[in-house]
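The figures that follow rest on heavy atoms only: side chains count, while hydrogens, waters and symmetry mates do not.
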Amino acid sequence: MRTLKDVQVGQTVTAARLTGEGPVKRRMMDMGITKGVSIYVRKVAPLGDPVEITVRGYELSLRKADAEMIEVL
C-alpha cells in the first residue's frame, strides 16, 4: 500500500487508513486527517521533512514519520 510520504508534490490523494497508534493517531485525527478525506500535497522539504499538505481547507505540516503512517489511495 502507498503512503502519504510516497505521493508527489501537486497530487491529491484520498486517505485510506491511519496506521499510527495512541497519541500519534489521535493528533492526526485532530488535524482532520481521517479515512476518506482528500489530501493535497503542496510541498516537500529537500530532505523530505516536513511534508506540507492541505486538508479540509487547512494548510498543515507533517513530519515524514507521520506521513508514513497515512495509507492513501
Check your understanding: If you group Ile, Leu, Val, Met, Phe, Trp and Tyr by side-chain heavy-atom gaps below 4.5 Å, do Val24 and Met29 land in one group?
Key -> yes
**Study point:** Cluster link Val55 to Val41, ILVMFWY, side chain under 4.5 Å
**Key:** yes
Exercise for review: Report, as yes or no, whether the 6.0 Å neighbourhood of atom CG on Leu73 holds more than 12 heavy atoms from other residues, nucleotides or ligands.
Suggested key: yes
Review point. Do NZ/NE/NH1/NH2 and the carboxylate oxygens of Glu59 and Arg42 come within less than 4.0 Å?
Key: yes
Point to revise | Distance in Å, Leu62 CG paired with Glu68 CD, rounded so as to fall on 0.5 Å steps | key: 11.5 Å
Review point. When rounded to the nearest 0.5 angstrom, what is the spacing between CD in Glu71 and OG1 in Thr14?
Key: 13.5 Å
Let me have the donor-acceptor pairs involving side chains of residues 3-11, under 3.5 Å, with sequence neighbours excluded, atom names and distances please.
{"from": "Thr3", "atom 1": "OG1", "to": "Asp6", "atom 2": "OD2", "distance (Å)": "3.2"}
{"from": "Asp6", "atom 1": "OD2", "to": "Thr3", "atom 2": "N", "distance (Å)": "3.2"}
{"from": "Gln11", "atom 1": "OE1", "to": "Gln8", "atom 2": "N", "distance (Å)": "3.2"}

Exercise for review: Decide yes or no on side-chain hydrogen bond (donor to acceptor under 3.5 Å, both in side chains) for Arg17 and Thr34, but give the supporting numbers first.
Suggested key: CA-CA 7 Å; Arg17 187 166 78 108; Thr34 56; over 6 Å; no
**Study point:** For Ile39 against Ala15, the heavy-atom pair lying closest together
**Key:** CD1-CB, 4.0 Å
Exercise for review: Using the test side-chain contact (heavy atoms from CB on, under 4.5 Å), find all partners of Arg63 that sit at least two apart in sequence or belong to another chain.
Suggested key: Arg27, Asp49, Asp66
Check your understanding: Quick one: are Thr12 and Thr54 in side-chain contact, heavy atoms under 4.5 Å?
Key -> no
Check your understanding: Going hydrophobic residue to hydrophobic residue with side-chain gaps under 4.5 angstrom, can you get from Leu60 over to Ile70?
Key -> yes
Practice item. Evaluate the criterion side chain to side chain contact (heavy atoms under 4.5 Å, CB included) for residue pair Glu52 and Val44; output intermediate values, then yes/no. Key: CA-CA 6 Å; Glu52 295 185 15; Val44 177; over 6 Å; no
